[in-house]
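Some notes on the structure that comes next.
All ligand and atom numbering here is 1-based and tracks the order in the structure.
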Amino acid sequence: MSGRYDEVYARSLRDPEGFWGEAAEDVHWYKRWDRVLDTSRAPFYRWFSGGEVNTCYNALDRHVEGGRADQLALIYDSPVAGVKASFTYRELLDAVSRFAGVLVNLGVGRGDRVLIYMPNIPEAVIGVLACARIGAVHSVVFGGFASNELAVRIDDAQPKLVLAASCGIETNRVIPYMPLLDRALEMASAKPEKCVVLQRPQGRAELTPGRDIDWMEADSAASPVECVPVAATDPLYILYTSGTTGNPKGVVHDNGGHLVALKWSMPNVYGVKPGETYWAASDVGWAVGHSYIIYAPLFHGCTSVLYEGKPVGTPDAGAFWRVISEYGVRVFFTAPTAFRAIKREDPNAELVRNYDLSGLRAQFLAGERADPDTLQWAERALGVPVIDHWWQTETAWPMAANCLGIESLPVKYGSPTRAVPGYDVRVLDEHGTEVPAGTMGAIVVKLPLPPGCLPTLWNNDEGYRKSYLSRFEGFYETADAGYLDEDGYLWIMSRTDDIINVAGHRLSTGLMEEVLAAHPDVAECAVIGVADALKGQLPLGLVVLKAGVQRAESEIVAELVQMMRDRIGAVAAFKQACVVARLPKTRSGKVLRGTMRKIADSVEFRVPPTIDDPAVLDEITQALRGLGYAG
Ligand code: COA
Ligand code: AMP
C-alpha cells in the first residue's frame, strides 16, 4: 500500500504545474503568473513566467501586515562578540526598508549587483533583504575566502556596490576584512563605485576616503523605501560555488520559483509551523545560510536564529545545546562535521544534560555524507529524529530527505532517504542508461528541475549547459555518484568531479592545483582529498619539483601552504603537502588521483592496468606514510 509520501511524490512528477501552481497560492503575488512552467526555451525552463513578486515583501511586510509584527523574526547570538540581540518582524522590516533607502541613495536599482562580504551578523541579513526589496541582486562571499577569490567574484558579478564588515571573529581571533577587500578591489578590473562598511567594535577598519561610506552614518541619513515588484524570473541572488575548473560558478536563483519552493519546504520537508523557532547553524555565505537562516524561515513566519560562533570552543561543546534551550528551537539544522567536533570533545554528550532540550523536535544534517556513527550518536544525545538530507548550492533546497511534514519514513543509516517531491532523481551509467536498483552510477535529476533550483549560471547560459546538462541529455547532472536501492532510498557515495568536501565546505582540487602549479619551483602537482575523522576530508598536495631545485623541501612546503591561504583562503584548510620524485600516471599521461587517494586512506585498490610505471605507487606510499597516511 502506498503511503502519503508516495502519493505526494507521484503527483509532483505527474502534474508539476498543478502541484507548484497550488504551492504558489501560499505566497504573495503582485501579478499572477501566465505560465507555471515555461518550456519555451527548454532546456532553460522557467517557473511562474509573467508573474510579479517581491521576495522581501514575502519575508517581512506580509507578516507585519498579517499579525506577526511583534513576533521575533531574527535572534542574533554571538558568543564570539559577546552580543545577543533580537528583532521583531516590525523591527527587521524597519531596518531593512531603511537600509534599502541607503542602497537607493547610492544609485542601486533593480538588476544591479551588490556584493556582500560579511560574517554572521544581523547587518548581513539586513543587507541581503534590502537588496531583495529593491530588486537588486546580492552576491554574498564567505568570509573565509581570500582576496584573489573575492576579486574573481567581483569581476564576474560586476557589482555596483560592496557591503562589508570591518572584521569577522574566529573563536577568539579577530580577522580584519578590509585589508582583504582592499586587495581584492586592487586586483579586480570591474571596480564597484562605493563600499558601505560596518565598523565592528572588535576591529575597526580604516576607510578609504571617496570610496568607503560608514554604514551607520549612511543608515541614519536614509529614509525607508517600499518593495519593488520584480519579475518572478528575475535573479534574486548569485552564489559562487566551486566548479571543476579554477573559476567558480555563479549559481543564480530567481525570485518566484525560489520563494514558492522554499516556503513549501518548511512545512513539508522540515515539519515546521509558522511562529516556531528554526535554527540553521551555518554561515550566511553558504547556500544553507541563504536558504535556511534567511529566506525560508522568514517566508514561513518563523523565528530564525543567527549564530556567530562554533560548535566547540565558543565556549565549549555545549554551545549548540545552550542556543536550542535558550530560544526554544524546534527544528535544528547543521553539518555532520559540527557533531563530530562536539562528539570529540564530549563523547558521552554529558553537556546535553545541562540544558532543557524538550522543545526540540528534529535535527537535520546536510552538506556532506552523514556517517552512521555520528548520526546515531546525535540520536542518542538529542533523543529526536536525526535526518540526513541531500542538496547542493545549485538547488537551494533539498533533493532527498525524509520529509517529516509529509510522512516520516523508516530510517536507513547512511542514506538521505528518498527524493523530495519535485525531483525526479535517477541513476545512469556512462552511456546514459538507467541502472537497476542497487547499481552505482551518476546521480541525475530529470528535467525540468523543480522551482527554486538554478535556472542558469550568471551571464553564462552556455556554461550552465556545459556543466550540468551536456553529459546526459534531458537530465541535470548532480556530479554526485551513488545508487537507488530497491525501496527507492538514495545512497550518495562520492563525487564524479574533482570537488572535495572539507567540513561541509565544497572545494575544488583543480583550483588548488592551479595555485600549487604557480609556485616557481613546482613542475607538476596533484591535490587529493584524504579522509579526516573531523572534517570528512582534507586536501593534501603532492608536488614534483623542477629539475635543479636545491632548496629545502620543508621551506617549499611552507610556501605552498601560505600560497594557498593567500590565494584561496583559510577555508581551504590546506596544511599538508609533500615533495615526490614523480606522480603516478596512465600511459596517456592522466594523473591517477583516485589511486593515490585510496593509498592514502588505506583502502584496497587495484593497480590500474593503464598505469605507466607501477613502481611509482611504492614511492607515493612512502611519501604518504611520512605524512601519517597509507596505513
Ligand atoms: N572568516 C575567516 N576565516 C574563517 C571563516 C570566516 N568566516 N570561517 C572559517 N575560517 C577559517 C578558520 O578560522 C580556520 O582557520 P585556521 O586554519 O587558521 O584555523 C579555517 O578557515 C578553516 O575553518 P573551519 O573549516 O571552520 O575549521 P575550524 O577548525 O575553525 O572549525 C569545525 C572546525 C568543525 C568546528 C567547523 O568546521 C564547523 O563548525 N563546521 C560546521 C560546518 C558548517 O557549518 N558547514 C556549513 C555548511 S552547512
Ligand atoms: P554545496 O553545494 O556546498 O552544498 O555541496 C553540495 C555537495 O555536498 C553535494 O553535491 C554532495 O557531494 C555533498 N552533500 C551535501 N549533502 C549531502 C548528504 N546529505 N550526503 C552526502 N553528500 C552530501
Side-chain angles (χ1 to χ4, degrees), residues 80 117-121 124 141-146 165 167-177 180 239-243 249 251 280-293 307-314 317 319-320 333-345 364-371 375 387-396 398-401 414-417 443 454 477-482 490-497 499-507 532 534-538 561 564-565 568-575:
V80 293
Y117 191 53
M118 300 178 89
N120 260 11
I121 53 176
V141 178
F142 178 65
F145 283 115
C167 67
I169 310 168
E170 279 292 294
T171 309
N172 44 25
R173 247 180 331 139
V174 171
I175 316 265
Y177 276 21
L180 294 166
L239 182 56
Y240 288 89
T241 191
S242 298
K249 296 178 194 164
V251 170
S282 179
D283 190 285
V284 290
W286 302 120
V288 177
H290 281 65
S291 294
Y292 291 104
I293 296 176
Y307 174 74
E308 188 188 20
K310 300 261 176 182
V312 292
T314 60
F320 278 5
F333 177 169
T334 191
T337 300
F339 273 97
R340 288 197 294 270
I342 296 169
K343 186 169 71 160
R344 198 164 68 164
E345 297 219 345
F364 282 78
L365 296 175
E368 58 182 314
R369 180 167 181 271
D371 56 289
L375 201 145
I387 313 244
D388 174 20
H389 65 328
W390 170 65
W391 55 298
Q392 305 185 309
T393 302
E394 287 85 346
T395 64
M399 292 183 279
S415 160
T417 319
I443 306 176
L454 81 170
E477 185 185 358
T478 67
D480 281 322
L490 191 61
W491 298 79
I492 313 290
M493 306 311 286
S494 60
R495 291 279 303 192
T496 57
D497 55 13
I499 299 293
I500 58 171
N501 198 313
V502 179
H505 308 144
R506 171 170 156 182
L507 298 165
D532 179 71
L534 173 66
K535 297 193 177 182
Q537 282 184 302
L538 278 178
V561 168
M564 205 68 88
R565 216 176 160 86
I568 300 182
V571 67
F574 183 93
K575 298 196 173 158

What residue and heavy atom of the protein are closest to [atom], and at what distance?
atom: atom 18 (O) of ligand 1; value: Arg565 NH2, 2.7 Å
atom: atom 25 (O) of ligand 1; value: Lys535 NZ, 3.3 Å
atom: atom 19 (O) of ligand 1; value: Arg173 NH2, 3.8 Å
atom: atom 39 (O) of ligand 1; value: Pro311 CD, 3.1 Å
atom: atom 22 (C) of ligand 1; value: Ala570 O, 3.7 Å
atom: atom 4 (O) of ligand 2; value: Thr393 N, 3.7 Å
atom: atom 11 (C) of ligand 2; value: Asp480 OD2, 3.2 Å
atom: atom 34 (C) of ligand 1; value: Thr337 CG2, 3.2 Å
atom: atom 26 (O) of ligand 1; value: Lys310 NZ, 3.2 Å
atom: atom 18 (C) of ligand 2; value: Glu368 O, 3.3 Å
atom: atom 5 (C) of ligand 1; value: Glu170 OE2, 3.3 Å

What part of [X] sits under 4.0 Å from ligand 1 if we count only heavy atoms: the side chain, the backbone, both or neither?
X: Tyr177; answer: side chain
X: Lys575; answer: side chain
X: Val571; answer: backbone

Out of all atoms in ligand 1, which are within 4.0 Å of some heavy atom of [X]? Include the element for each.
X: Phe142; result: 5 (C), 7 (N), 8 (N)
X: Val288; result: 48 (S)
X: Trp286; result: 46 (C)
X: Gly143; result: 1 (N), 2 (C), 6 (C), 7 (N)

Heavy-atom gap [X] to ligand 1 smaller than 4.0 Å:
X: Tyr292; value: no
X: Pro119; value: no
X: Phe333; value: no
X: Ala281; value: yes
X: His505; value: yes

Does Arg506 reach ligand 2 with a nitrogen or oxygen that is under 3.5 Å from one of the ligand's nitrogen or oxygen atoms?
-> yes
So, is Thr241 polar-close to ligand 2, with some N/O to N/O distance under 3.5 Å?
-> no
Regarding [atom]: of the candidates [options], which has the closest heavy atom?
atom: atom 45 (N) of ligand 1; options: Gly367, Ala503, Ala338; value: Ala503
atom: atom 14 (N) of ligand 2; options: Ala370, Gly367, Ser282; value: Gly367
atom: atom 6 (C) of ligand 2; options: Trp391, Trp491, Phe364, Trp286; value: Trp391

Classify the angle between the aromatic ring planes of Phe339 and Phe320 as parallel (below 30°), tilted (30 to 60°) or perpendicular (above 60°).
-> perpendicular
What class does the angle between the rings of His389 and Trp391 fall in, given that below 30° is parallel, 30 to 60° is tilted and above 60° is perpendicular?
-> tilted
Considering only heavy atoms, does [X] approach ligand 2 within less than 4.0 Å through its side chain, its backbone, both, or neither?
X: Asp388; answer: side chain
X: Leu365; answer: neither
X: Arg495; answer: side chain

Once you round to the nearest 0.5 Å, how far does [atom1] of [X] lie from [atom2] of [Y]?
X: Gln537; Y: Leu507; atom1: CD; atom2: CG; result: 9.5 Å
X: Thr478; Y: Asp497; atom1: OG1; atom2: CG; result: 9.0 Å
X: Trp286; Y: His505; atom1: CH2; atom2: NE2; result: 5.0 Å

Salt bridge check: are Lys310 and Glu345 linked by an N-O gap of less than 4.0 Å?
-> no
Contact atoms of ligand 2, heavy-atom distance to [X] under 4.0 Å:
X: Asn501; result: 8 (O), 13 (C)
X: Ile492; result: 21 (C), 22 (N)
X: His389; result: 16 (N), 18 (C), 19 (N)

Do Thr334 and Tyr307 have a side chain donor and acceptor closer than 3.5 Å?
-> no
Any idea which heavy atoms bring Tyr177 and Gly168 closest together, and the distance?
-> CE1-N, 3.3 Å
What heavy-atom pair brings Pro176 and Cys167 nearest, and what distance separates the two atoms?
-> CA-CB, 4.0 Å
Looking at ligand 1, does any of its N/O atoms fall within less than 3.5 Å of an N/O of Ser282?
-> no
Hey, is Ala287 one of the residues with a heavy atom under 4.0 angstrom from ligand 2?
-> no
Indicate whether atom 36 (C) of ligand 1 is within a distance of less than 4.0 angstrom of some protein heavy atom.
-> no
